[in-house]
Amino acid sequence: MAEAADFQRTSASPARRWLRRAGALLSGAPLLAGLLQLPAAAPAQAASSDSVAVSLDSLSPNAPTDGDTLTVSGTVTNNGKQAVTDAHVGLRVGPPLTTRSAIDSVARHPDDTQGSTGADVGDKYEETFEKLPPGVAEHFTISVPVDKLDLGDDGVYEFAVALSGQTSAQPWDQVLGIQRTFLPWQPSDAGTKTKTTFLWPLISTVHMTAKTGAGESQTPQFRDDDLAKDLAPGGRLARMVELGKDLDVTWVIDPDLLASVDAMAGGSYRVQGPDGTATPGSRENQALAKQWLAGLQKAVAGKEVVALPFGDPDLASLAHRGTSVTGSLSHLKDATDVAATTVKTVLLVTPSTDFAWPVNGAVDPSIMKVATSAGADRVIARSDSLQETAGLPYTPSAARPVGGGTTAVVADARLSTAFEGDLTKAGSATLAVQRFLAQSLELNNQTDKQRSIVVAPQRMPTASQAQAMATALKALQGGTWSQSQNLTAAAKDKPDPGATTRIPSRSAYPSSLRRQELPRTAFEQIARTQDKLDRFRVVLTNQSRVVTPFGRAINREMSASWRGRSTAADGYREGVEAWVDDLADQVKLIDKSETKLSGRSATIPVTVQNNLVQPVDHLVLRLTSTQPTRLEIGGKAYLEQRVEVSGGHSQSVKFTTSANANGRVGVIAQLYTEDGQPYGEAVSFDVKVTEVTPTVMLVIGGGVLLLVLAGFRMYTQRKRAAAARQPDEDGPGTAGESADEPGNPGAPGDRLPGESGSDSGAEGPEQPSDPAPDTAPENTDPSGTGERVDR
């Protein structure tokens with residue numbers, strides 16, 4: 001396969017440039033002859049001496065033009081055991097590098113003292129140190145007019161900063177340390193400029209849980225407070241917005257990040273602690289979130305914004321492990337549908353949702369199929385995955401039609417990976433910037449044909465990586481060989497007919513990436529959580545309070561940010577599922593102890609408790625007798641009643657039962673949804689029937705009769721005694737008048753025992769009537785939905 005980057009450019013150099021270089025070679029001949037006369041061991045020792053580390057901390061301007069002065073600064077550090085004397089730092093310019101592979105070769109060994117170092121600019125442009133003691137670092141700064149560098153044709157030149165000196169063990173002048181980099185040289189506008197698209201990703205790890213507060217505002221709960229650190233001045237996300245606002249880039253945003261920051265900024269939020277308890281977030285962090293969102297809104301105004309599916313789902317994991325689990329693809333569709341709404345609500349811009357972005361742009365047929373299943377018709381791939389096979393001597397444009405109306409937008413791998421690694425040190429960042437610019441210029445010089453190139457860097461650049469990216473982009477956008485273009489325009493550009501459109505096979509997917517994928521068990525747990533959520537949601541009167549936070553949490557469970565963090569991913573999924581279970585358990589039956597029935601029929605109450613803040617409905621309570629021949633519920637084996645309970649209340653549902661025999665009978669209470677699915681745990685209890693027999697009734701009846709007869713006898717005896725005393729008490733009266741005759745209401749004998757009266761002749765004290773019952777007769781009607789029941 002031909003290397004697209006290895007196209008050898010050919011152009012005639014000006015005659016004076018050749019003469020100048022020829023003169024330099026001739027003048028160096030005597031020196032070369034002298035070196036050949038040195039002992040054989042000396043050059044070998046000098047070549048192997050790399051005891052001084054040279055760091056190139058800054059190079060300005062990064063891409064010089066005619067009339068500029070190049071300023072180079074850095075440090076030299078003696079890492080050897082001997083002092084270096086007669087040390088001096090000089091600049092060297094090597095020959096032009098005419099292929100992209102040649103640039104790679106130099107970049108692989110930037111501190112190799114054995115390689116060719118090119119011509120020395122001259123003693124006038126160097127910095128000297130009389131002595132470099134071991135372990136000592138010295139700073140240097142050298143400025144040189146660009147016209148003194150003797151640059152020839154437009155192109156990329158190897159550029160080096162070298163420290164020369166001698167030690168007591170090797171007392172001759174030699175290169176003891178070197179740092180190689182690149183100098184892009186395009187002083188005037190190129191005849192054809194490359195159209196360059198740079199993606200500026202705003203993506204983060206998962207921060208929000210599925211938990212929300214019980215109030216109307218549903219206070220969100222965060223896994224940690226790390227998001228606030230990234231939003232603070234100097235933080236990763238703060239730097240991305242601050243740097244990106246001045247760049248001509250395409251913003252690629254995970255809507256979950258916007259939703260999380262918006263939740264933090266919108267009001268109170270809580271942070272989950274290690275012990276599971278949650279504490280309120282600080283007002284300072286809320287202010288940071290508001291400030292960051294305001295800055296982002298200004299930064300993206302007038303720029304293209306691409307919204308990834310909510311949570312940035314791992315498309316490769318879904319394709320390789322998730323499609324065999326029912327329902328997995330539906331979550332990708334949900335994440336895509338909510339993406340545009342989230343971005344538009346928070347940023348007040350309408351994003352594009354046409355693009356899918358697999359991790360590292362690695363694709364295979366299954367990934368392409370999944371990536372486009374939710375509506376995206378453009379997949380951001382990378383050239384180290386979709387490699388050229390047609391032998392083109394140049395890097396083709398990014399857009400590749402791959403069939404089925406799908407376009408693969410192939411980002412350049414060299415440019416996309418230029419800013420990876422630790423760039424916290426100034427020297428590393430400077431080398432990354434110069435390498436990026438060198439590759440960009442060399443790509444442009446491969447052919448006179450204009451092309452569209454896409455740069456898709458790592459998903460979550462660090463603050464130092466973002467700074468290096470911004471430095472390179474400013475130099476590129478202010479340069480003479482590139483022009484900016486957004487991602488949609490790059491995807492629509494005419495594809496190169498010679499560029500490959502063949503998607504690599506599944507076996508070609510990198511094993512290093514495959515090892516980081518979410519396992520199948522993760523998607524099985526996601527499906528289980530969704531099933532529990534579906535059963536729970538049907539009983540809710542305000543489903544959005546639960547469905548929305550859980551739906552977004554399930555999207556986050558599939559995030560690409562879990563790669564390399566399997567333990568954290570497992571914990572997050574378990575937390576979401578446990579929270580579904582906990583909420584569903586808030587609607588349940590209260591346990592009952594044994595119930596006794598005295599008689600052939602009675603009413604049995606069963607209590608349903610709702611500890612949610614919202615009412616529940618669409619529930620049916622079924623009470624079932626395990627022995628319907630002995631105990632019937634509503635005249636049959638079981639009876640169902642619809643249940644509706646207000647938030648924070650309980651309701652007693654009453655069932656009429658009838659007994660046919662004495663003894664203990666098992667009864668089962670179970671809640672069901674209206675579609676017949678069991679809800680929650682069943683409650684079992686025993687009903688003890690103590691039926692009253694006919695013999696007992698006869699005994700009770702006989703006792704009552706005896707009491708009545710005894711009472712009648714007592715009454716007649718008292719009346720006769722009263723009649724016998726009447727003549728003495730009344731005095732003279734009408735002859736023949738009887739005290740027992742009717743019409744004499746004043747007679748004491750007219751009052752029954754226990755009646756209230758004023759006559760002192762009543763036998764014994766007054767007997768009060770039985771007290772009224774302290775409970776009302778039982779009502780068999782169901783209680784209201786807001787009834788509270790004491791347990």
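For clarity, every value in this text was computed on a predicted model and none was experimentally measured.
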Q. Once you round to the nearest 0.5 Å, how far does CG of L431 lie from OG of S55?
A. 7.5 Å

Q | Criterion side-chain contact (heavy atoms from CB on, under 4.5 Å) on V261 and W292, from CA distance to verdict | A | CA-CA 8 Å; V261 180; W292 187 83; 3.7 Å; yes

Q: Determine, stepwise, if the pair V89 / V161 fulfils side-chain contact (heavy atoms from CB on, under 4.5 Å).
A: CA-CA 7 Å; V89 177; V161 178; 3.4 Å; yes

Q | Sequence-distant partners of D254, side-chain hydrogen bond (donor to acceptor under 3.5 Å, both in side chains), two or more places apart | A | none

Q) Out of R573, H320, E557, which residue meets the side chain to side chain contact (heavy atoms under 4.5 Å, CB included) rule with L518? A) R573

Q. After noting the C-alpha distance and the side-chain angles of I380 and V252, does the key distance pass the side-chain contact (heavy atoms from CB on, under 4.5 Å) rule?
A. CA-CA 11 Å; I380 303 171; V252 180; 5.6 Å; no

Q: May I ask you to test the P110-T181 pair for a side-chain heavy-atom distance under 4.5 Å?
A: no

Q. For residues T462 and S464, is any side-chain donor paired with an opposing acceptor at under 3.5 Å?
A. yes

Q) Between T69 and V146, is any pair of side-chain heavy atoms under 4.5 Å apart? A) no

Q. Between S58 and S73, is any side-chain donor less than 3.5 angstrom from a side-chain acceptor?
A. yes

Q) Would you say P184 and Q439 make side-chain contact, with heavy atoms under 4.5 Å? A) no

Q. Would D225 and N285 count as having a side-chain donor-acceptor pair, cut-off 3.5 Å?
A. yes

Q.
Looking at F222, I'd like to know if the NZ or CZ of R270 sits under 6.0 Å from its six-membered ring centre while staying within 45 degrees of the ring's axis.
A. no

Q.
Which heavy atom of T430 sits nearest to which heavy atom of D57, and what is that distance?
A. OG1-O, 2.6 Å

Q) To the nearest 0.5 Å, how far apart are NZ in K344 and OG1 in T350? A) 4.0 Å

Q.
Between S559 and G311 (side chain of the first, backbone of the second, donor and acceptor by atom type, cut-off under 3.5 Å), is there such a pair?
A. yes

Q | Minimum heavy-atom distance E158-V106, with the two atoms named | A | OE1-CG2, 4.1 Å

**Q.** Non-hydrogen atoms of A265 and K290 that approach each other most closely
**A.** O-CE, 2.9 Å

(Q) Do V84 and N78 have side chains that approach each other closer than 4.5 Å (heavy atoms only, starting at C-beta)? (A) yes

Q | Contacts of W562 that satisfy ring-ring contact (aromatic ring centres under 6.0 Å, His included) - sequence neighbours left out | A | Y572

Q) Say you draw a straight line from CG of D412 to CZ of R451; how long is it, rounded to the nearest 0.5 Å? A) 10.0 Å

Q | Closest non-hydrogen atom pair, S282 against Y269 | A | N-OH, 3.9 Å

Q.
For N62, is there any backbone N or O sitting under 3.5 Å from a side-chain donor or acceptor partner on Q434?
A. yes

Q) Can you find a side-chain donor-acceptor pair between Q272 and R223 that sits under 3.5 Å? A) no

Q) Any chance the side chains of D422 and T424 put a donor and an acceptor closer than 3.5 Å? A) yes

(Q) Can you pull out every salt bridge (charged side-chain N to carboxylate O under 4.0 Å, His left out) where at least one residue sits in residues 293-315? Sequence neighbours excluded, please. (A) D312-R459, D314-R563

Q.
Working to the nearest 0.5 angstrom, can you tell me the gap between D154 CG and L441 CG?
A. 7.5 Å

Q. Which pair of heavy atoms, one from S383 and one from A413, lies closest together, and at what distance?
A. OG-N, 2.8 Å

**Q.** Heavy-atom side-chain proximity of V409 to V379 below 4.5 angstrom
**A.** no

Q: May I ask you to decide if L423's main-chain N or O and Q465's side chain share a donor-acceptor pair within less than 3.5 Å?
A: no

Q.
A side-chain contact here means heavy atoms from C-beta on lying under 4.5 Å apart; do N486 and T197 qualify?
A. no

Q) Would you call the rings of F419 and F436 parallel, tilted or perpendicular if under 30° counts as parallel and over 60° as perpendicular? A) tilted

Q) Would a 4.5 Å heavy-atom cut-off, applied to side chains only, mark T395 and I453 as touching? A) yes

**Q.** Exam field: side chain D364 to backbone P504, donor-acceptor pair closer than 3.5 Å
**A.** no

(Q) A side-chain contact here means heavy atoms from C-beta on lying under 4.5 Å apart; do L315 and V359 qualify? (A) no

Q.
Checking the side chain of T196 only, and the main-chain atoms of S484 only, is there a donor and an acceptor separated by less than 3.5 Å?
A. no

Q) With no hydrogens and no angle check, is any side-chain donor or acceptor of T250 less than 3.5 Å from a backbone partner on L487? A) yes

**Q.** Under 3.5 Å side-chain donor-acceptor pair for R100 and Q446
**A.** no

Q) Between the main-chain N or O of L257 and the side-chain N or O of S204, is there a donor-acceptor pair closer than 3.5 Å? A) no

Q: Please lay out, stage by stage, how V72 and T141 fare under the test side-chain contact (heavy atoms from CB on, under 4.5 Å).
A: CA-CA 6 Å; V72 179; T141 299; over 6 Å; no

Q: Please check if the side chain of Q221 supplies one atom and the backbone of M208 the other of a donor-acceptor pair under 3.5 Å.
A: no

**Q.** Value rounded to 0.5 Å, distance of OH in Y125 from CG in L70
**A.** 11.5 Å

Q.
Under a 4.0 Å threshold between the charged nitrogen and the carboxylate oxygen, would D111 count as salt-bridged to R180?
A. no

Q: Check the pair D493 / K195 against salt bridge (charged side-chain N to carboxylate O under 4.0 Å, His left out), numbers first and verdict last.
A: CA-CA 10 Å; D493 268 356; K195 292 185 286 186; 3.0 Å; yes

Q) A340 and T353: which non-hydrogen atoms are nearest, and at how many Å? A) CB-CG2, 3.9 Å

Q | More than 12 heavy atoms of other groups within 6.0 Å of K229 NZ | A | no

Q.
Looking at D384 and R382, is any side-chain nitrogen of the basic one under 4.0 Å from a carboxylate oxygen of the acidic one?
A. yes

Q: Would you confirm whether E138, through its side chain, and F129, through its main-chain N or O, come within 3.5 Å as a donor-acceptor pair?
A: no

Q. If you measure from OG1 on T205 to CZ on R565, what distance do you get to the nearest 0.5 Å?
A. 5.5 Å

Q: Mark yes or no for whether H88, through its side chain, and G165, through its backbone, hold a donor-acceptor pair below 3.5 Å.
A: no

Q.
Can you tell me if Q291 has over 12 outside heavy atoms packed within less than 6.0 Å of its CD?
A. no

Q. So does D104 pair up with R435, basic N to acidic O under 4.0 Å?
A. yes

